[in-house]
2 protein chains.
Amino acid sequence: MTAPAQPTSPRRSDATRAAILRAARERFAADGYERATIRAIAADAQIDPSMVMRYYGSKEGLFAAAAEFDLRLPDLAAVPPQQLGETLVRHFLTRWEGDETLVALLRAASTNPGAAERMRGIFADQLTAAVATFGTDPATTARRAGLVASQILGLAYTRYVVRLPPMVDTTPEDLVSWVAPTLQRYLTGTPGS
Amino acid sequence: MTAPAQPTSPRRSDATRAAILRAARERFAADGYERATIRAIAADAQIDPSMVMRYYGSKEGLFAAAAEFDLRLPDLAAVPPQQLGETLVRHFLTRWEGDETLVALLRAASTNPGAAERMRGIFADQLTAAVATFGTDPATTARRAGLVASQILGLAYTRYVVRLPPMVDTTPEDLVSWVAPTLQRYLTGTPGS
DNA sequence: GACCGTTGCCAACACTTGTTGGCAAACACT
DNA sequence: AGTGTTTGCCAACAAGTGTTGGCAACGGTC
């Protein structure tokens with residue numbers, strides 16, 4: 001539809017586009033999908049609301065662009081099997097603290113069907129693929145990935161969304177040492193023990 | 001403010017009040033706080049939107065009434081210490097499947113500050129109190145309760161809100177056997193192992 | 001310098017939202 | 001029967017929403 005990605009097309013409006021996207025991520029992360037209004041986002045980006053529509057078509061389109069996200073999971077096949085859990089928690093915590101996109105997605109997925117769909121896609125595709133890279137029974141891969149997602153998202157939900165005091169006050173390193181064994185068991189263990 | 005609870009006052013409008021509350025819980029659970037409109041709730045309850053205002057004052061008031069919730073946690077002091085985790089997961093799962101109030105609260109807490117505050121209150125008060133009933137170091141009680149909340153809410157979030165397929169398809173009993181050891185460790189274990 | 005696409009703002013539309021006031025019917029009580 | 005209260009609906013308001021079209025200023029190109 002739009003012009004193919006010509007490397008030589010540094011449009012003057014790219015700065016505006018980026019400003020909108022940044023403001024959108026902030027607002028979506030802070031307020032969720034419905035409370036984050038286009039007018040507020042435009043005000044943050046210091047442009048007119050109509051520009052948002054021109055560049056992103058609709059609010060849904062803006063969110064789709066703002067919620068583009070790559071977990072950037074490390075290659076789990078290269079990680080010592082005993083450290084899989086620790087590696088994963090630490091990775092997610094740093095990924096979260098540095099990029100509010102996932103918090104935006106987390107908040108929006110509670111009320112917006114499209115956001116929930118995107119969330120399912122990210123964890124079904126990226127996380128399941130990563131879990132599949134080391135050799136457990138393929139029949140259990142999806143379930144293991146789901147369990148990992150439940151603890152990871154629960155961690156994010158309580159720490160960044162609801163802000164439960166004990167989860168906010170605990171240092172990332174302490175969280176790692178508590179949660180790592182959980183993920184380790186979900187990834188390589190068996191139910192019951 | 002209102003009349004004190006006279007046992008002999010079965011008002012005729014109590015049925016309407018209850019219908020509104022039931023519809024409100026359904027809508028809040030399905031759509032979240034902002035998408036659940038008073039008009040839609042009133043339509044479900046087959047009454048006029050203005051009745052909602054008369055009986056509950058405002059949308060916030062309605063939500064406050066609809067989100068009234070008691071975890072009904074069992075007395076953990078009476079549970080064999082080895083079965084604490086299992087007892088808790090099973091309790092939460094049955095509590096969730098049978099009452100959509102917590103799902104409503106879970107969805108709403110993502111975007112509505114008041115709902116998040118209520119969520120903090122429930123888990124800070126009820127869950128922390130339960131965790132405190134058996135004899136671990138009081139200094140670690142809050143953190144243990146927070147970790148339990150993170151796994152429990154993550155379970156609910158992935159299963160009932162985002163509906164990750166592997167978490168939806170897994171039977172409650174399988175979930176119990178996987179998650180129980182996690183809670184057991186959060187409750188009685190030490191970090192690291 | 002004339003042309004044309006781009007960038008931006010303003011004003012407005014159509015619609016939905018929570019919320020309010022007034023009025024008719026149903027009820028309770030003497 | 002006649003009273004005051006309760007229950008319910010209708011119509012409307014003010015505010016805020018996503019979204020649209022038009023129009024001025026700016027940019028580069030011949």
Side-chain angles (χ1 to χ4, degrees), chain A residues 1-6 8-24 27-28 30-67 108 111-115, chain B residues 1-24 27-28 30-67 107-108 111-115:
Chain A
M1 300 303 172
T2 56
Q6 291 278 8
T8 55
S9 63
R11 301 198 157 280
R12 193 163 48 93
S13 60
D14 285 352
T16 308
R17 277 193 154 85
I20 294 176
L21 218 54
R22 186 161 9 106
R27 283 282 177 179
F28 282 134
D31 300 338
Y33 183 82
E34 11 275 335
R35 285 176 117 93
T37 72
I38 289 197
R39 282 175 168 84
I41 292 169
D44 288 357
Q46 296 182 345
I47 44 92
D48 191 86
S50 61
M51 307 300 297
V52 179
M53 306 304 297
R54 182 176 295 171
Y55 290 143
Y56 293 97
S58 67
K59 189 180 181 180
E60 289 257 352
L62 173 64
F63 179 80
T111 55
N112 186 269
Chain B
M1 300 301 172
T2 56
Q6 290 278 7
T8 55
S9 63
R11 300 199 159 280
R12 191 163 49 93
S13 60
D14 286 352
T16 307
R17 277 192 154 85
I20 295 175
L21 217 55
R22 185 161 9 107
R27 284 282 176 179
F28 282 134
D31 301 336
Y33 183 82
E34 13 273 336
R35 282 177 119 94
T37 72
I38 289 196
R39 282 176 168 82
I41 292 169
D44 287 357
Q46 296 183 342
I47 45 92
D48 191 86
S50 60
M51 306 302 298
V52 178
M53 306 304 297
R54 182 175 296 172
Y55 290 142
Y56 293 98
S58 67
K59 188 181 182 180
E60 289 258 351
L62 173 62
F63 179 81
R107 269 224 165 79
T111 55
N112 185 271

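To find a chain, count down the sequence lines: A is the first, B the second, and so on, and within it residues start at 1.
- Nearest heavy atoms, A/G32 versus B/T111: CA-CG2, 3.9 Å.
- The residue B/Y56 sits apart from the nucleic acid: no heavy atom pair falls under 4.0 Å.
- B/E60 places its CD atom 14 Å from the C1' atom of C/dT17, with the value rounded to the nearest Å.
- B/S50 meets the side-chain contact (heavy atoms from CB on, under 4.5 Å) test with B/D48; sequence neighbours excluded.
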Protein-proximity profile, nucleotides 9-18 of chain D, B/S/- by nucleotide at the 4.0 Å heavy-atom cutoff, equals BB-B----BB
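- Following rounding to the nearest Å, B/D31 (CG) and C/dT17 (P) show an atom-to-atom distance of 11 Å.
- Here ring pair (Phe, Tyr, Trp, His ring centres under 6.0 Å) pairs that include residues 30-50 of chain B, with residues two or more places apart or in two chains, are B/F28-B/Y33, B/Y33-B/F63.
- For the atom pair B/N112 CG and B/E34 CD, the distance stands at 6.5 Å (nearest 0.5 Å).
- The shortest side-chain heavy-atom distance between A/D44 and A/I20 does not fall under the 4.5 Å cut-off.
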